[in-house]
**Student:** 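Shown below is the structure under consideration.
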Protein chains: 2
Amino acid sequence: MVEFHVDRGSGFPAYLQLGQQVREALRLGWLQPGDRLPTVRDVVATSGVNANTVLKAYRELELAGLVEARQGSGTFVKATLGSAAPEDLDPLRAKLATWVAEARSAGLEDEDIHALMREVLSGGAQ
Amino acid sequence: MVEFHVDRGSGFPAYLQLGQQVREALRLGWLQPGDRLPTVRDVVATSGVNANTVLKAYRELELAGLVEARQGSGTFVKATLGSAAPEDLDPLRAKLATWVAEARSAGLEDEDIHALMREVLSGGAQ
DNA sequence: TCTATTGTGCTAGCTCACTAGAACAATCTG
DNA sequence: CAGATTGTTCTAGTGAGCTAGCACAATAGA
């Protein structure tokens, strides 16, 4: 079961946060096709977001073909997003964890690490 | 000189995008104390964002003590953000680039990589 | 001093994210 | 069948992000 964390006041639209968290869970294999997303009312209760906002997030995911809403039953995962096989993911995660440890011991904070990653992904200095 | 890229229609507030890009440039050493940020009117011309929006972004940076606005002269970098020495950054960047190449050859897309990084940084499976 | 350039302030208005509250429709469960 | 649960729709309203346009203030440079 996925747990949502909506950070209100970050300037980040709540419905985008919800959608992004679902997509991330799909990428990491936390959610598989057939799994059920938290109920709209569940999300309302746990995150304090309005039902319409949750619905908007779910509908965008449905429009993207990622989930399927069945009235009376729930919203279910329909497709996955990860482009790599889960068994390939583990060694990569391990190596990355080693690198992260090294970076942190060099004094880098999480934001520095993210910035560095964005730089490398975008093709270096540019 | 930093170049701003404002992606309108992403749901992401423009003034936050601007501020984030300055912070990122500070982290990566692209901007050093004493450097001048693009003129408010420059940003307006290149990004199409309104002057008030740019001003809002710059004012937040000033409130954070990162930049200093001098009327008639420009907005200048006052402090840096990177928590690591630039000479420590290069080997880390090189190793990370190696890892990224490996991840991409395994089929991972940029979004997968970011998701994996967030997962590792937040402490694994959790 | 004069002029261009810069940051700053102001008002008015639009759009959209979000809330509030209520009702309805389909499905599941007993 | 009956009740609970779930997704869905609707209306009304609030607040913030953003735009538009203009005027002003301080600095730099000729």
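Protein chains get the first letters and strands the later ones, always in sequence-line order, with residue 1 at the start of each.
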**Student:** Check the pair B:Arg27, A:Leu116 against side-chain contact (heavy atoms from CB on, under 4.5 Å), reporting the backbone distance first and the verdict last.
**Tutor:** CA-CA 8 Å; B:Arg27 289 192 183 279; A:Leu116 202 57; over 6 Å; no

**Student:** Is the base of C:dG21 touched by the side chain of A:Asn50 through a donor-acceptor pair closer than 3.5 angstrom?
**Tutor:** no

**Student:** Which nucleotide sits closest to the side chain of B:Asn52: C:dG9, C:dT8, C:dT19?
**Tutor:** C:dG9

**Student:** Could you check how far CG of A:Asp7 sits from C1' of C:dC18, rounded to whole Å?
**Tutor:**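 Rounding to the nearest Å, CG of A:Asp7 and C1' of C:dC18 are 15 Å apart.
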
**Student:** Let me spell it out: for each of A:Ser73 and B:Val49, pick the nucleotide of DNA chain D with the closest heavy atom. Which residue's pick is nearer the 5' end?
**Tutor:** A:Ser73

**Student:** Under 3.5 Å, side chain of B:Gln21 to main-chain N/O of B:His5, donor-acceptor pair present?
**Tutor:**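 Between the backbone of B:His5 and the side chain of B:Gln21 there is a qualifying donor-acceptor contact (under 3.5 Å).
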
**Student:** Look at the side chain of B:Arg41 and the base of C:dG7, then say whether one donor and one acceptor between them are separated by less than 3.5 Å.
**Tutor:**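 Present.
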
**Student:** Ignoring hydrogens and geometry, is there a side-chain-to-backbone donor-acceptor pair from B:Asp90 to B:Glu87 under 3.5 Å?
**Tutor:**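 The answer is no, because no donor-acceptor pair under 3.5 Å joins these two groups.
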
**Student:** Sub-3.5 Å donor-acceptor pair from the side chain of B:Arg93 to the main-chain atoms of A:Glu119, do we have one?
**Tutor:**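 Not at all, since once roles are kept as given, no pair shorter than 3.5 Å links the two residues.
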
**Student:** Has A:Lys56 got a side-chain N or O lying under 4.0 Å from the OP1 or OP2 atom of C:dA17?
**Tutor:** yes

**Student:** Could you give the distance from CZ (A:Arg118) to CD1 (A:Ile113), rounded to the nearest 0.5 Å?
**Tutor:**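 Going from CZ on A:Arg118 over to CD1 on A:Ile113, the span is 11.5 Å.
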
**Student:** Considering only heavy atoms of chain A and a distance under 4.0 Å, specify the first and last nucleotide of DNA chain D in 5' to 3' order that meet this criterion.
**Tutor:**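 Contact span on the strand: D:dT5 to D:dC10.
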
**Student:** Taking A:Trp30 for its side chain and A:Glu24 for its backbone only, find out whether a donor-acceptor pair lies under 3.5 Å.
**Tutor:** no

**Student:** Roughly how many Å is it from CD in A:Glu68 to P in C:dT27, rounded to a whole number?
**Tutor:**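 In whole Å, C:dT27 P and A:Glu68 CD are 12 Å from each other.
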
**Student:** Please state how far atom CD in A:Glu60 lies from atom P in C:dC18, giving the value in whole angstrom units.
**Tutor:** 10 Å

**Student:** Would you compute the distance between atom CG of B:Leu96 and atom CG of A:Leu96 and round it to the nearest 0.5 angstrom?
**Tutor:** 7.5 Å

**Student:** Take A:Arg23 and B:Glu111 through the test salt bridge (Lys or Arg N to Asp or Glu O under 4.0 Å) and record every step on the way to the result.
**Tutor:** CA-CA 10 Å; A:Arg23 286 168 191 272; B:Glu111 275 312 308; over 6 Å; no

**Student:** Give me the residues of residues 11-24 of chain B where at least one heavy atom lies under 4.0 Å from an atom of DNA chain C, by number, or none.
**Tutor:**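 The answer is none.
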
**Student:** Whole Å only: how far is the CZ atom of A:Phe76 from the C1' atom of C:dC28?
**Tutor:**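 Answer to the nearest Å: 11 Å.
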
**Student:** Specify the separation, in whole Å, of atom CZ of A:Arg36 and atom P of C:dC28.
**Tutor:** 11 Å

**Student:** What integer distance in Å separates A:Leu55:CG from C:dG21:P?
**Tutor:** 18 Å

**Student:** Ignoring hydrogens and geometry, is there a side-chain-to-backbone donor-acceptor pair from B:Glu62 to B:Ala69 under 3.5 Å?
**Tutor:**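 Flag set: sc B:Glu62 to bb B:Ala69 pair under 3.5 Å.
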
